[in-house]
Protein chains: 2
Amino acid sequence: MEISEDSADPRVRMWSPACQAVALLLGPYAEVVLHDAARDRVLAIWNPMTRRGPGDPSLLGELDRLDPSARDVYGPYEKLLADGRRLSSVSAVLRDEEGQPSAVMCVNLDRTPMDRAAALLAGFAAPSTPRPEALFEQDWTERVHQIIGSFVRARGRPVERLGREDRLTVLTELDRAGVFAFRRAVPVVAGALKASRSTVYALLAELKAQGNAS
Amino acid sequence: MEISEDSADPRVRMWSPACQAVALLLGPYAEVVLHDAARDRVLAIWNPMTRRGPGDPSLLGELDRLDPSARDVYGPYEKLLADGRRLSSVSAVLRDEEGQPSAVMCVNLDRTPMDRAAALLAGFAAPSTPRPEALFEQDWTERVHQIIGSFVRARGRPVERLGREDRLTVLTELDRAGVFAFRRAVPVVAGALKASRSTVYALLAELKAQGNAS
DNA sequence: TCCAGTCCGGACAGTAAGTCCAAGTGAGGT
DNA sequence: ACCTCACTTGGACTTACTGTCCGGACTGGA
């Protein structure tokens with residue numbers, strides 16, 4: 001991963017662990033460059049994104065805005081690569097033990113993947129899905145009356161006059177519709193059928209017995 | 001931004017530009033820690049994400065796996081913060097001009113923002129939810145898990161780590177979906193949320209109070 | 001009228017739904 | 001390291017609902 005002009009250079013030896021660590025952390029999306037500021041050359045480079053190598057002129061104007069007498073840390077500022085990729089960059093002036101500037105570290109982070117992801121997210125998020133979350137049948141009692149009503153109409157006889165078999169049939173349908181999974185279902189059904197709670201339970205027990213038997 | 005025990009420490013003076021540059025580049029999502037490996041202490045820290053400060057023991061086991069005689073760069077490896085944030089971390093052994101290990105730099109990058117984005121993208125891209133939309137959902141527990149699941153995915157955080165507000169939100173959605181009209185709904189939801197029945201009832205009461213007040 | 005079949009309402013037991021509280025837990029502050 | 005506060009939890013407890021049982025009442029037919 002590391003490409004350096006001269007690993008024997010004490011500056012490279014000293015700074016390469018830090019540079020390499022950062023390059024590792026940011027995976028393929030960042031390059032780390034160690035510059036010789038005085039000679040405007042690249043000392044070493046990790047994850048190169050351009051074709052630069054050690055010994056090449058630094059280019060990119062990475063060192064233009066540095067003023068070691070003022071500050072040591074610059075950025076993040078934006079840079080544009082020839083192919084249009086946008087970079088976020090920081091630079092740090094590195095000093096030797098006497099406090100003299102000896103090198104400059106630049107980290108160039110390619111933001112295009114994140115920009116793309118951001119755009120994608122923004123595009124999807126904006127016209128926000130109007131909640132296709134289809135809900136349950138909110139009013140299940142409605143459904144109870146519907147089922148009973150249509151049966152009564154088909155049978156041509158009011159609920160009060162339904163015979164035993166009829167009620168068994170209706171209860172079967174209601175059960176298939178999942179009505180009895182709801183709380184308070186039996187009293188409601190009993191009311192709608194104009195029958196007593198006891199009767200409904202008795203009929204349901206009968207159905208269950210039949211169902212299990214068959 | 002920088003918090004250091006003793007800026008006069010030559011190691012801090014020497015390494016802080018590099019550390020600060022990295023901290024700046026990665027914005028609020030990364031902390032950079034400079035350790036005194038020999039004494040297992042923090043020398044300086046940028047963008048602290050935990051409560052550690054200079055002079056504190058290093059903790060976090062950041063220095064456990066280091067072996068300066070072998071390599072200088074470690075990682076990226078994954079670490080887990082107490083609050084559930086997942087970190088990508090790298091460490092570098094920093095040496096003085098004689099080549100003696102003098103400090104260790106650790107960069108801890110919080111990946112939850114990216115995880116969340118990734119989760120969201122995955123949620124959109126994936127076959128979403130193949131919605132077997134029946135008129136009457138026979139298997140309402142299925143729906144419970146679907147709703148909780150999609151929320152967890154959007155939130156990018158496992159169900160165990162959902163905060164109070166998150167759970168209130170989920171319960172609101174479940175309620176809108178009519179889940180609590182079913183028998184045995186609360187125990188099922190409590191199980192799916194990895195919370196106790198009591199807690200679910202408490203949160204539901206809170207929602208009801210809010211809803212009536214407004 | 002009597003019988004058979006059914007239904008009713010109420011009593012009752014069992015199970016689930018809610019409420020309440022003391023104790024435990026964990027994050028944040030000092 | 002300790003305290004505090006907010007929250008969670010399991011369990012005890014109350015209330016509501018579910019399901020069963022039975023005596024009495026109604027109905028239609030012999």
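Below, chains carry the letters A, B, ... as their sequence lines are ordered, and counting in each starts from 1.
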Using a 4.0 Å heavy-atom cut-off, does A195(B) contact any base of the nucleic acid, only the sugar-phosphate backbone, or nothing at all? sugar-phosphate
Taking atom P of dG5(C) as reference, at what distance in whole Å does atom CD of E206(A) sit? 13 Å
If you compare every side-chain N and O of R164(B) against the phosphate oxygens of dT8(D) (OP1, OP2), does one of them come in below 4.0 Å? yes
Which residue pairs pass the side-chain hydrogen bond (donor to acceptor under 3.5 Å, both in side chains) test with at least one member in residues 21-30 of chain A, sequence neighbours excluded? none
Side-chain N,O (S196(A)) to OP1/OP2 (dC8(C)) below 4.0 Å: yes
The criterion is salt bridge (charged side-chain N to carboxylate O under 4.0 Å, His left out); which residues satisfy it with R161(A), sequence neighbours excluded? none
Whole-Å gap separating P (dC7(C)) and CG (L171(A)): 11 Å
Hey, what's the ring geometry for W140(B) with F182(B), parallel, tilted or perpendicular (30° and 60° as the breaks)? parallel
Heavy-atom closest pair (V104(B) atom, S91(B) atom, distance to 0.1 Å) is CG1-CB, 4.4 Å
Applying salt bridge (charged side-chain N to carboxylate O under 4.0 Å, His left out) to D96(A) and not counting sequence neighbours gives none
Summary of protein contacts for nucleotides 14-22 of chain C, nucleotide by nucleotide, where a base hit scores B, a sugar-phosphate-only hit scores S (4.0 Å, heavy atoms): --SSBBB--
Please set out all donor-acceptor pairs under 3.5 angstrom arising from side-chain atoms of residues 186-198 of chain A, sequence neighbours excluded.
{"residue": "K194(A)", "atom": "NZ", "partner": "E160(A)", "partner atom": "OE2", "Å": "3.3"}
{"residue": "S196(A)", "atom": "OG", "partner": "S198(A)", "partner atom": "N", "Å": "3.4"}
{"residue": "S196(A)", "atom": "OG", "partner": "T199(A)", "partner atom": "N", "Å": "3.1"}
{"residue": "S196(A)", "atom": "OG", "partner": "T199(A)", "partner atom": "OG1", "Å": "2.9"}

Between CG of L162(A) and P of dC7(C) the distance, given in whole Å, is 11 Å
Has D175(A) got a side-chain atom pairing as donor or acceptor with T172(A)'s backbone, closer than 3.5 angstrom? no
Less than 4.5 Å apart, any side-chain heavy atom of V93(B) and any of Y74(B)? yes
Between protein and nucleic acid, restricted to nucleotides 24-30 of chain D and to nitrogen or oxygen atoms under 3.5 Å apart, what atom pairs and distances do you find?
none

How many Å lie between CD on E160(B) and C1' on dT25(C), as a whole number? 17 Å
